[in-house]
Each structure stands twice: as structure tokens, then as C-alpha cells.
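We name chains A, B, ... by the order of the sequence lines, and we start the count at 1 in each one.
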Amino acid sequence: MGYPKLPSRQENFAEWYNQVVLRAELADYAPVRGCMVVRPYGWALWENIQKALDQRFKATGHQNAAFPLLIPMSFFEREKEHVEGFAPELAVVTHGGGKKLEEPLAVRPTSETIIGYMWSKWIRSYRDLPMLLNQWGNVVRWELRTKLFLRTLEFYWQEGHTAHATREEAEEETLRMLRVYEDFAVNEAAIPVIPGQKSESEKFAGAVHTYTIEAMMGDTKALQAGTSHFLGQNFARAFDIQFLDADNQLKYVWTTSWGLSTRFIGAIIMVHGDDQGLVLPPRLAPIQVVIVPIWRDDAQRSQVLEMAQRLQRQLGQRFRVHLDDRDHVTPGFKFNDWELRGVPVRVEIGPRDVANQVVTLARRDQPGKAGRTTAAWEGLEDRIAALLDDIHDSLLRRATAFRDAHLHRPETYDELGQVVQNGWALVGWCGRAECEARIKADFKATNRCLPFVEHRPTEAPTRCIVCGEPARHWAIFAKAY
RNA sequence: CGGGGCGUAGCUCAGCCCGGAUAGAGCGCACGGUUCGGGUCCGUGAGGCCGGCGGUUCAAAUCCGCCCGCCCCGACCA
């Protein structure tokens, strides 16, 4: 009978997710609780994410660097809110080389402190600014409840860190990078996101304010898919990062940080996946085109394989192509297998196709007969290029329609409670933490963000959905990962 | 850390209540053949310290105690 079917997304979304990750061989559980191994297919996806982001970071003037994994414990105590936020989830090295260390070392949960420390040595003059750095690396946060990709004790990410001479410049940078994330999410991952500002209670520990891109998963829960923080002078003061400005005055720098992690892979899975498994956005898919040859006997086998290999070479010039020439599994098995792995386009070639100088194209976003067409060898590359773009567009359209269909504007507190059971609520909010806390306590929904202007109603909000006092913001409340 | 559940083959599980001899099934894996346009079929085979430690007993996967680990729900979170 082969493999058991995946649980459907409808019946058990959480289990569907786990099974997809494991069976598509994106990742596996590591021997330590809460840690994961990213398998080659998952890592290839991450590498494509890295490329797409890194290119954007370079284009906006950033350089990559690498700061160490181990940070003196005392660094975390220099910024009050930062230590309060991160102390509970620090992993600490107390011994080295068989001896107890004089000062324990924290395994970085994020690198503001060590980078701040280094900057205090490097930055002397306004001519040294802006300092625009990024690092690709891993961090450790001792989370209590973990889930593959979404929340693991160790995760991979990029963290950008910048220092500026003025507040305005730093604020601009914070928003610029949020928009870079938005552009990446939409144009590479086909994930529609709502950019916005985090409330006081949801912002990063040590930030003046935090911006986020929020994405709706297939079960309507929200996922913070990327964040950008304006850190003000908090870390500059904590680490004494001062520069001599053009006016000969000694000033503290203004800093930012922004990050996007392997969690984003979880977003890709949960936004696009279907009951057959993964559906990867074409621009990030490790394999964009898989060729499945079909034959009956040895004569057909050699004929079809030869053509399949030619196609592989030809298409390989423009796309990431894989030829599945395994001869111990049937074509039907391969169809299911590659659908599970989310490959956007499948090229089937059998004896009939060879005779007619055509192939059968199957698009992953439309499983079954609906997504199948016949295409001539002539001009196949252009045909596939157009198909990949079309798949990207339709994934984005589908995800946007889904999100909009589940983004509601409840009028009453009770309605809010209803709506967040299966969607997001866009409501007026007075800005007080008590009201946020009450929604969380009553409905398990949190304040995801105060959406930017293009994502809020044109009119001003009237009353806070909770207390009825005059509203100061439009806010999105939702259950979240 | 509080509440609930579960640890037997790579995976999913049966056996445990009511102790008994070489511990089973399906899938997966290996080999041979067959098949190949939607998860082929048949045969042969490999694979287990029954989570760990201790106790009860002539005898423990099975009964008792302690420990460890995992999953789900809460508190915490990229």
C-alpha cells in the first residue's frame, strides 16, 4: 500500500504540520529536547532564503560579519529591559576545559550586547557612521514549548545591527528593513504580510519600538515572520557607544536591529501547504522542476531516459532541475513523493510524449488533472518560466484571499471573542496594556500589531473594543504561534 | 513548573488487566522476480537489553516502587 496518507489540514493542522516537516525531510528531531536537525532539503530551502535576503541587505548597503557565540554574562546586565527579557531563556556555560569559569558565558540569544561592546571600540567619529552590519548565525533561547522550525532551542537566522548618528536615520533604517522583509515575503515566498508596529507589551526587550510583519497561517493563527527594532540609545548608553559629531559634540549613537529566522520556513509550510504536503513558492524551492520519466520495458527505458537527460541539461541552464530516474519505484509513487516535497513543476515524459515531441507539465498548486497540460519541447523553457511565475502569482493571490476572508472587524467584545477563534480581528484599541491582557486572558488572542496605514481602515478608530474608552489605534488581535 | 497521556522492530501499534516456553502484525528496509501515464504485486530475508534501575516471584514486556524521556493542554516566547 505504500505510505499512509497525511492527516488532513482540516482534521489536525498541528499533526499535519509535523508530518509534512518530517516526511518531506526538511528537518528531524535532535537528541536534545527542543532541538532540530535541518536536513539537506530543508537547508537548501534556507540557503535560497538566505540568498534572496542577503542580496537585499547588500543592495541597501549592509556588510556581513560574524560575532562570537559566547558572551560574558555581565553584558546582559547592562541593559535593564534586555536582561529582564532574556534572562529566563539564557543557556549558560559554566565550565570550560574541565574548570569552572570565573565568569559564566551566555550562549547568545541575540547579539546586541556583544556587537554594542565592539562598536564602543570601533566607533569614534560621525565619519564611522552609519555602521551597517548583518550576521548569519545561530542563537539559543531556552524555550519551554518547542515546535519544529517555529520555536526551537537553537535556531538559525540573520540579525542585522546598525548604528546611526541621528534618531531620524535610525528610525528610517528600522522601517527600511521591515519593508525589505515585506518585499522578500511577498515577492520571493508569495506570503502576504501585514507590516505594523508592536505594542509596548509585545515589543523586543530593550527596544524603543518594534515593527513586525505578521502572516496568517493556514489555520488562521498569526505568525510573526520578521521583526525590526528601533533601539534608540538604550544599547548605546549601556555599552558606551559614543562618537564625536561634526559639531565637535560627543554623542551616543542610535541603533537598530532586525531579524528573520528559520521560523520563516514554518510560515512557508503553513501558508501554502495542502493535504498532499508541501507547496513551495517557486522562487525559493530547492527543486523548481522535477522530471519523472515513464517507461514499460528496457527499450522504452533507454529511449525515454535519454530524452529526460537531455531535458535535464537543457532546463538546468535556467532552473533548479532534478531528474528522478529511480527505477525501483513507480511513476505514481514519484508523483506523490514530489508533491509531498512541494516541487512547483513536474515534467512527465513517457513513450507517448517522446513520440509526439512533447512533455506533460503538472503544476503543484493545482494537484490532479486540473493542473496538467501538454507542452511541446520547442520553447519549453519559456513555457516553464511563465508557469513558475504564474504559480508564484496564484499562490500569493490564494494566500491573500484566504487572509482577507479571515480578517474581520468585530463591533463588540463578544464578537471579537468569536472572530479570533478562526481569524484575525481588526479593532479599535485604547492603547492600554490592561485591555490587551484582558483579551489574552479571555480569548487567548494577543495584539499582533498596529497595522501600517495601507492595512487599516481610512477612518479613525472610535472606541476601544474592550473598555469603550476613545480608541487611539487600530490593532490586530489574533491567536498566534 | 501544574494538569492529562504515552514509552514493545526504523515507523504505527497489538500483547500487559488475568505472569509461563523461540515476543507478534502492518508499513518501511534488503534481495529476486513482476510492474511502471497516480502511492504495483508475489516470494524470501534482516531487524528487539519490551525506556532505565530496583523489588516481588520457581518464572516479569506483563505485578509493585523509583527514575528518565516524549507528546498534548496552561504559564514564557523569533
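- Side-chain N/O atoms of R372(A) and base N/O atoms of G37(B) include no donor-acceptor pair closer than 3.5 Å.
- Contact annotation for R326(A): no contact, since no heavy-atom pair falls under 4.0 Å across all strands.
- A side-chain N or O of K479(A) and one of Q421(A) form a donor-acceptor pair less than 3.5 Å apart.
- Heavy atoms of T262(A) sit nowhere under 4.0 angstrom from any nucleic acid atom.
- When rounded to the nearest whole Å, the span between CG of N18(A) and C1' of C70(B) equals 13 Å.
- Between the CG atom of L340(A) and the C1' atom of G38(B) there is a distance of 14 Å, rounded to whole Å.
- In this structure the side chain of F239(A) never reaches within 4.5 angstrom of the side chain of E112(A), judged on heavy atoms.
- In this structure, K147(A) does not reach the C71(B) phosphate: none of its side-chain N or O atoms is under 4.0 Å from OP1 or OP2.
- The CH2-C1' distance, from W338(A) to G38(B), rounds to 16 Å in whole Å.
- The gap from the P atom of U8(B) to that of A61(B) amounts to 15 Å, rounded to the nearest Å.
- Atom-to-atom, CG of L148(A) to P of C70(B) comes out at 13 Å; the value is rounded to the nearest Å.
- Counting any heavy atom pair closer than 4.0 Å across all strands shown, Q224(A) reaches sugar-phosphate atoms only and no base atom.
- The existence of a salt bridge linking K440(A) and E436(A) is excluded, since no basic side-chain nitrogen approaches an acidic carboxylate oxygen closer than 4.0 Å.
- Base pairing of G38(B) is not made with any nucleotide, judged by Watson-Crick or G-U wobble geometry with both donor-acceptor distances under 3.5 Å.
- A straight line from CD of E89(A) to P of C76(B) spans 12 Å, rounded to a whole angstrom.
- Across R363(A), R346(A), R364(A), R23(A), a single residue satisfies salt bridge (charged side-chain N to carboxylate O under 4.0 Å, His left out) together with E339(A), and that is R346(A).
- E339(A) comes within contact range of at least one nucleobase, with a heavy-atom separation under 4.0 Å.
- Comparing C76(B), U40(B), G37(B) by their nearest atom to the side chain of L144(A) picks out C76(B).
- No contact: G259(A) has no heavy atom under 4.0 Å from any strand.
- Using P as the reference atom, G32(B) and C49(B) are 28 Å apart when rounded to the nearest Å.
- T152(A) comes within contact range of at least one nucleobase, with a heavy-atom separation under 4.0 Å.
- Nearest-nucleotide positions on RNA chain B place R346(A) closer to the 5' end than the other of Y481(A) and R346(A).
- Taking the nucleotide of RNA chain B with the nearest heavy atom to each of A362(A) and P88(A), the more 5' of the two is matched to A362(A).
- None of W136(A), W46(A), W43(A) except one satisfies the ring-ring contact (aromatic ring centres under 6.0 Å, His included) rule with Y156(A); the exception is W43(A).
- None of Y181(A), F184(A), F149(A) except one satisfies the ring-ring contact (aromatic ring centres under 6.0 Å, His included) rule with F264(A); the exception is F184(A).
- Remark: the D365(A) side chain and the S394(A) side chain contain an N/O donor-acceptor pair separated by less than 3.5 Å.
- The only member of L395(A), V20(A), I269(A), I268(A) that meets side-chain contact (heavy atoms from CB on, under 4.5 Å) when paired with V279(A) is L395(A).
- Among the heavy atoms of the strands lying under 4.0 Å from R352(A) is at least one base atom, whether or not backbone atoms are also near.
- With a 3.5 Å ceiling on both atom-pair distances, the Watson-Crick or G-U wobble partner of C13(B) is G24(B).
- In this structure A59(B) sits in no base pair that meets the Watson-Crick or G-U test at under 3.5 Å.
- Contact annotation for T227(A): no contact, since no heavy-atom pair falls under 4.0 Å across all strands.
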Extract from the structure each pairing of a protein N or O with an N or O of nucleotides 31-36 of chain B at less than 3.5 Å, listing the distance.
{"residue": "C36(B)", "atom": "OP1", "partner": "R296(A)", "partner atom": "NH1", "Å": "2.6"}
{"residue": "C36(B)", "atom": "O2'", "partner": "W295(A)", "partner atom": "O", "Å": "2.9"}

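- Not less than 6.0 angstrom separates the ring centroid of F204(A) from the ring centroid of H209(A).
- Base pairing of G43(B) is made with C31(B), judged by Watson-Crick or G-U wobble geometry with both donor-acceptor distances under 3.5 Å.
- Rounded to whole Å, atom P of C76(B) lies 16 Å from atom CZ of F86(A).
- Residue contacts shown for L223(A) are absent, as no nucleic acid heavy atom lies under 4.0 Å away.
- Not one side-chain nitrogen or oxygen of K369(A) sits closer than 4.0 Å to the OP1 or OP2 atom of G37(B).
- Checked by atom type and distance alone, the side chain of R9(A) pairs as donor or acceptor with a backbone atom of G273(A) at under 3.5 Å.
- Using N1 to N3 plus N6-O4 or O6-N4 for Watson-Crick, or N1-O2 and O6-N3 for G-U wobble, each under 3.5 Å, C1(B) pairs with G74(B).
- Remark: G19(B) base-pairs with no nucleotide in the shown strands. Criterion, Watson-Crick or G-U wobble with two distances under 3.5 Å.
- If you take atom C1' in C29(B) and the same atom in A9(B), they sit 11 Å apart, rounded to whole Å.
- Look at CD on E112(A): it is 12 Å from P on A78(B), rounded to the nearest Å.
- The side chain of E348(A) has G37(B) as its nearest neighbour among G37(B), G74(B), C76(B).
- Summarising the geometry, the separation between CG on L153(A) and P on C76(B) is reported as 18 Å, rounded to the nearest angstrom.
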